[in-house]
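Here the structure is laid out as structure tokens; the discussion comes afterwards.
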Amino acid sequence: MGVFLIDGGIPLKGSVRISGAKNAILPTLAACLLTEGKSVLKDVPDLEDVHTMCGLLTSLGANISFNTIQKEITVDTSHIHEHTAPYELVNTMRASFLVMGPLLARKGRARVSLPGGCAIGSRPVDLHLKGFSALGANINTGHGYVEAQVRGKLTGARIYLDFPSVGATENILMAAVLAKGQTTIENAATEPEIVDLATMLVSMGATVTGAGTDTIRVTGTEQLNPAEHTIIPDRIEAGTFMVAAAMTGGNVLLKNVLPDHLKPVTAKLREAGVEISEELGCIRVKGLEKPKAVDIKTHPHPGFPTDMQAQMTSFLSFAEGTSMVVETIFENRFMHVSELKRMGARIKIDGRTAIIEGGIPFMGAQVKATDLRAGAALILAGLCAKDKTEISDIYHIDRGYEKMEEKLKALGARICRL
Ligand code: EPZ
């Protein structure tokens, strides 16, 4: 299952290039289904989840070629003969559910295994399905699958999302671009990855306005054309490296970042006393001996991102003072806490709130990654601990971080993969 061995206590120094965003490449790969022909995606991160999504597209009939040197993927969707996303693929990666909107729009039907829960929560898809039925699809669920069908084309509609769900916004947006007439998505998610998807759809010929705001307007078009699109940098990978520099008292330059996407993380780290300077397309982070405790409450963008909560919980265990972390997005996203406590952290959980007594020196231990960001949090603690930490089940980390140990080694960390 793979293990990381970390011998901590080294301040990270040097520069690191941030990869393309996992949560942008997954929906933009699904969007390729909306057209017939060869689309090219650039600055694609080499992640397990990318390979899983490409495997799914291939099973639907797409022909995919990778240029790993150029970090490009060419997706030929000329012949999509399948409309089913099978259990074993959706079960591996719930983002597979993002093929439902494009398949429904292109083929008039889609049959996707109902994603189960995962470590961080039950993860329902009711808002996705509410959007599809508003667009005129008939929805049937049974035997663990969701089937959506529409006679002819989808019809534009006004859709209000009870919660600004990222996935539901993306799925509905991808269905609406080929629907007849106007669609309005209200209370839409405003994450940068939504904007990136909309940018690609517009380059394919779609008419989309308002992406990045809570109201997205779409005018359906007859057909869309293949496009070339460069993926935005991964703001969560960037945030993770910022915290790594801050916690180890290092001095790290992050390249290929969009500082605007990192505002909530930058603001919180500055509040804790971390020195952060923004240069064109780069961010420099200088750590300090004893950062101050700050309180965190996760919110949909532009609030503090839930995907940075675990990493900040590690940081706050290290910072001076008591802090409070409230996780408002997912019901079970404190799986990293029990593992951090094995490394000496003093954290009490009450429902969706964690009270962290900071100022502790992490001790090396054997710990386990339970999900992607929890794994990242354990790496951060291991980099801080003055002795050896062994992290198992690192396949979770490989799903969302490209060459994590190589990037950290290049910054001086003593980490190896066993
Ligand atoms: C996306 O997941 C990201 N994944 C997640 O990143 C991220 O944590 C999440 O957005 C929130 O920012 C990808 O983009 C591939 P949601 P998604 O729909 O779309 C509830 C990572 O670590 N909800 O915004 O599944 C849901 O239960 C991953 O990179 C419904 O109730 O998130 C949750 O409480 C983890 N009904 C909340 O909304 C629905 O139909 C947020 O979910 C859909 C969601």
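Order of appearance sets the numbers: ligands from 1, and atoms from 1 within every ligand. On a predicted model such as this, the values are computed, not experimentally measured, just so you know. Hydrogens, waters and symmetry mates play no part in the numbers below; they use all other heavy atoms, side chains included. In what follows, residues are counted from 1 in the order of the sequence shown.
By the criterion of a heavy-atom distance under 4.0 Å, neither the backbone nor the side chain of D371 is placed next to ligand 1. Only the side chain of R333 comes within 4.0 Å of ligand 1, judged by heavy-atom distances. The proximity of L372 to ligand 1, defined as any non-hydrogen pair under 4.0 Å, is limited to the side chain. Contacts between S165 and ligand 1, counted as non-hydrogen atom pairs separated by less than 4.0 Å, involve both the backbone and the side chain.
Between L127 and ligand 1, a contact under 3.5 Å exists for at least one N or O pair. Between E170 and ligand 1, not a single N/O pair is under 3.5 Å apart. Residue F163 has no nitrogen or oxygen atom sitting less than 3.5 Å from a nitrogen or oxygen atom of ligand 1, judged on distance alone. Residue contacts with ligand 1: V166 is placed with a nitrogen or oxygen under 3.5 Å of a nitrogen or oxygen of the ligand (distance criterion only). Residue I329 has at least one nitrogen or oxygen atom sitting less than 3.5 Å from a nitrogen or oxygen atom of ligand 1, judged on distance alone.
Applying side-chain contact (heavy atoms from CB on, under 4.5 Å) to H229 and the options M200, M204, K42 leaves one that passes, M200. Considering T184, I194, T209 as possible partners of I216, the one that fulfils the side-chain contact (heavy atoms from CB on, under 4.5 Å) test is I194.
Comparing A21, P124, S96 by heavy-atom distance to atom 30 (C) of ligand 1, the nearest is P124.
Close approach of ligand 1 to H128 is summarised as follows: ligand atoms under 4.0 Å from at least one heavy atom of the residue are 40 (O). Each of the following atoms of ligand 1 lies closer than 4.0 Å to a heavy atom of R373: 21 (C), 22 (O), 29 (O). Close approach of ligand 1 to D307 (heavy-atom distance below 4.0 Å) involves ligand atoms 5 (C), 6 (O), 7 (C), 8 (O), 21 (C), 22 (O), 28 (C), 29 (O), 35 (C). Taking every heavy atom of R123 and a limit of under 4.0 angstrom, the matching atoms of ligand 1 come to 2 (O), 17 (P), 25 (O), 27 (O). Within ligand 1, the atoms closer than 4.0 Å to a non-hydrogen atom of V125 are 39 (C), 40 (O), numbered from 1 in the order shown. Close approach of ligand 1 to K22 (heavy-atom distance below 4.0 Å) involves ligand atoms 21 (C), 29 (O). Here is the list of ligand 1 atoms found below 4.0 Å of a heavy atom in G167: 18 (O), 19 (O).
Of the protein's non-hydrogen atoms, the one nearest atom 36 (N) of ligand 1 is D126 OD1, 2.7 Å. Taking atom 32 (O) of ligand 1 as the reference point, the nearest protein heavy-atom neighbour is F330 CZ, 4.1 Å. The protein heavy atom nearest to atom 3 (C) of ligand 1 is N23 ND2, 3.7 Å.
The number of heavy-atom neighbours closer than 6.0 Å to NZ of K403, taken from other residues, nucleotides and ligands shown, is above 12. More than 12 heavy atoms of other residues, nucleotides or ligands sit less than 6.0 Å from atom CG of D162. Under a cut-off of 6.0 angstrom, the local environment of CZ in R270 is crowded, with over 12 non-hydrogen atoms contributed by other residues, nucleotides or ligands. Under a cut-off of 6.0 angstrom, the local environment of NZ in K388 is sparse, with at most 12 non-hydrogen atoms contributed by other residues, nucleotides or ligands. The environment of R106 atom CZ is dense: over 12 non-hydrogen atoms of other residues, nucleotides or ligands sit within 6.0 angstrom.
Annotation: side chain of M247 is not in contact with side chain of L383 (no heavy-atom distance under 4.5 Å). Inter-residue side-chain proximity for F132 and V150 is flagged as unmet; no heavy-atom pair is nearer than 4.5 Å.
Residue contacts with ligand 1: A168 is excluded, as none of its non-hydrogen atoms falls under 4.0 Å.
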Between K409 and E406, does the salt bridge (Lys or Arg N to Asp or Glu O under 4.0 Å) criterion hold? Intermediate values first, please. CA-CA 5 Å; K409 257 186 220 157; E406 288 172 33; over 6 Å; no
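The nearest protein heavy atom to atom 20 (C) of ligand 1 is not closer than 4.0 Å.
Between F66 and H51, the ring planes lie tilted relative to each other; the angle falls in the 30° to 60° range.
The two residues A377 and L340 make their nearest non-hydrogen contact at O-CD2, 4.2 Å.
Between the CE atom of M93 and the CE atom of M53 there is a distance of 4.0 Å, given to the nearest 0.5 Å.
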